[in-house]
Amino acid sequence: MSKKTPQAIRGTQDIFGPEAEAFAHVVETFERIRRLYRFRRVEMPVFERTEVFARSLGETTDVVSKEMYSFEDRGGESLTLRPEFTAGIARAYLTNGWQQHAPLKVATHGPLFRYERPQKGRYRQFHQIDAEVIGAGEPQADVELLAMADQLLRALGITDVTLHLNTLGDGASREAWRAALVEHFRAVRGELSEESQERLEKNPLRILDSKDPRDKPFLADAPKIDDFLSDEAQAFFAAVTSGLDAAGVKWVRAPALVRGLDYYRHTAFEFIPDAGSASAAALGAQSTVLGGGRYDGLIESLGGPPTPAVGWAAGIERLAMLVGAREEPRADAVIVVENDARLADAIALLGRLRQAGFASELLASGSPKKRFDKARKIPAHVLVSFPVAETGETIRLLGDGSPTAAALETLVRGR
RNA sequence: GCGACCAUAGCUCAGCUGGUUAGAGCGCCGGUUUGUGGUACCGGAGGUCACGGGUUCGAACCCCGUUGGUCGCCCCA
């Protein structure tokens, strides 16, 4: 490679071949399942005013200052490449009057951008599929969303991941729990890891999923959300879990599963590979395949009316890793021109085959003598050859005996 | 932001304790062979050994720096 060739941006990827097929398979499967659940397709801008994301994140966190791709446009406005779908969809819900469609079930997919150090399963430009239900405060919405996620994973053949489920309660429950956690950890502050001492100020709920062995002894007897749930919050969670049981979705309770941002309420969930499974190995340090929750406080923080909502997103690259590389689809017909005088005939035939709906390609370059062998290596139902003149044949056909091959032979011979 | 490991042909890699002109397989190009045939053989193109400095009689190999990659920590909307 020449020194003058510009390099790709760190954390971006060029996906090709079997991996690109896996990526497409994930998206196609998602589109199919989303229709089954009657989620409506939306297309969203890849950038928004910075405040759309900054306000949804609460302005203060590192995430805003360090992890967003923000820039000024020519008018001096601060814009940001979307780091998530939810805030943009919430903004659209408000600015387009989509309240009239509430409860609104929408789904989308596409690229997202976060300024992070790349590692296995984490990129600066990455891709997600996303599903949201806006304007629905009933636990049934959570259940439907989780059933859809579960069916999607099954449809992709991913069976070694499990739904980890928790509740953060309503606003009051959540605050009471948070205060109790701070009190609990503050008492042993000096014995916590440096990171967790920091978290105590910024994001105490996160101490619960610390990996540091110094923190582990204090996690087991930490206050539990269940002791702080209001009756309403308990009833909500019970409705979610019984709905999941009725829908046949397996789940485990994950009392340490939390969300850092204040607008999250009630249900929080992640589909996580089972310990020691193939999927766990494939994902490296990343553990979550699909995650989401209820964010009843978000739309208000964007200046809208109180609006309950729940949603999830999943990384397409991560799902593609679990699905594994997929074969590129076999051609219906490969046409090889061994005799250059027959090129026009070959082009004409190629056009007819494609018009008739057969995926076909033409080999007519390079050494004529080697074209046949090259064509032979391309997986196809039929190989059509325009041989050299001396053989006396005008056309040769080599089929694989499939119904497709039979149909093609009829079409090619019967001209 | 922090840390570990890595960088040789288009791809995957070999290259010994530093020692002539840096190799293989695959792929690519050409030729011979075969002629319902994914064969075998011959030849060719393609490398500033990531980049810059240092040590040495001599560096792909040792040292320092830079860039890039991989994986992990932090963070994870």
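Within every chain, numbering begins at 1; the chains are lettered A, B, ... in the order of the sequence lines, protein sequences first and strands thereafter.
In the set B:A77, B:C29, B:G72, the nucleotide with an atom closest to the side chain of A:R117 is B:G72. Considering only side-chain atoms of A:R376, the nucleotide from B:C76, B:G35, B:G38 that sits closest is B:G38. Taking the side chain of A:K377 as heavy atoms from C-beta on, and the options B:C2, B:G27, B:G30, the nearest nucleotide is B:G27. The side chain of A:A285 lies closest to B:G72, out of B:G69, B:U36, B:G72.
Rounded to whole Å, atom C1' of B:G69 lies 10 Å from atom CD of A:Q7. Remark: P of B:U70 and NZ of A:K120 are 11 Å apart, rounded to the nearest angstrom. Rounded to whole Å, the distance from CG on A:L302 to P on B:A77 is 17 Å. Atom pair A:E195:CD and B:G72:C1' shows a separation of 13 Å (rounding to whole Å applied). In this structure, the CD1 atom of A:I89 is 17 Å from the P atom of B:A77, given to the nearest Å. Between A:L397 atom CG and B:G37 atom P there is a gap of 15 Å when expressed in whole angstrom units. Rounded to an integer number of Å, the gap from A:F85 CZ to B:C76 P is 21 Å. For A:R122 and B:C75, the CZ to C1' distance is 6 Å, given to the nearest whole Å.
Listed pair A:Q119 / B:G72 meets the phosphate criterion, a side-chain N or O lying under 4.0 Å from OP1 or OP2. For the pair A:K211 and B:C73, the criterion of a side-chain N or O lying under 4.0 Å from OP1 or OP2 is met.
Nucleotides B:C29 and B:U17 have their C1' atoms positioned 41 Å apart, rounded to a whole Å. Straight-line distance between the P atoms of B:C62 and B:C16: roughly 10 Å, to the nearest whole Å. Nucleotides B:G19 and B:C75 have their P atoms positioned 48 Å apart, rounded to a whole Å. The separation of B:G18 from B:A60, taken at their P atoms, amounts to 13 Å, rounded to a whole angstrom. Here the separation of B:U55 from B:C61, taken at their P atoms, is 15 Å to the nearest Å. Between B:A22 and B:G58, the two C1' atoms lie 16 Å apart (nearest whole Å). One C1' atom belongs to B:U70, the other to B:G15, and the distance between them is 23 Å to the nearest Å. Across B:U39 and B:A45, the matching P atoms stand 24 Å from one another, rounded to whole Å.
Of the N and O atoms on the side chains of A:E84 and A:Q128, not one donor lies less than 3.5 Å from an acceptor on the other residue. Side chains of A:E116 and A:Y123: a donor-acceptor N/O pair is absent below 3.5 angstrom, by distance only. Side-chain contact, A:S230 with A:D170: a donor N or O sits under 3.5 Å from an acceptor N or O.
The side-chain heavy atoms of A:V384 and A:V382, taken from C-beta on, include a pair separated by under 4.5 Å.
Between A:R199 and A:E201 there is no salt bridge, since no side-chain N of the basic residue sits under 4.0 Å from a carboxylate O of the acidic one.
The base of B:C76 does not come close enough to the side chain of A:R114 for any donor and acceptor atom to sit less than 3.5 Å apart.
For the side chain to side chain donor-acceptor pair (under 3.5 Å) condition, the pairs that include at least one residue of residues 258-273 of chain A, sequence neighbours left out, are A:D142-A:T267, A:R259-A:E270, A:E270-A:T288. Among residues at least two apart or in separate chains, salt bridge (Lys or Arg N to Asp or Glu O under 4.0 Å) pairs with a member in residues 326-338 of chain A are A:R330-A:D400.
Heavy atoms of A:R199 sit under 4.0 angstrom from primed sugar atoms or phosphate atoms, though from no base atom. Nucleic acid contact for A:E116: base, since at least one base atom lies under 4.0 Å from a heavy atom of the residue. Among the atoms of the strands shown, none is found under 4.0 Å from any heavy atom of A:E270.
Taking the six-membered ring for Trp and the full ring otherwise, the centers of A:F358 and A:H381 sit at least 6.0 Å from each other.
Between A:W312 and A:F30, the two ring planes are perpendicular [angle over 60°; tilted spans 30° to 60°].
Residue A:Y123 is the one, among A:Y123 and A:R206, whose nearest nucleotide of RNA chain B lies closer to the 5' end (criterion: closest heavy atom). Summary of the strand contacts: A:L398 and A:D373 both lie near RNA chain B, and taking for each the nucleotide with the nearest heavy atom, the more 5' one is attributed to A:L398.
Counting only Watson-Crick and G-U wobble pairs whose two key distances fall under 3.5 Å, RNA chain B forms stems of three or more stacked pairs at B:1-7 with B:67-73, B:10-13 with B:23-26, B:28-32 with B:40-44, B:50-54 with B:62-66.
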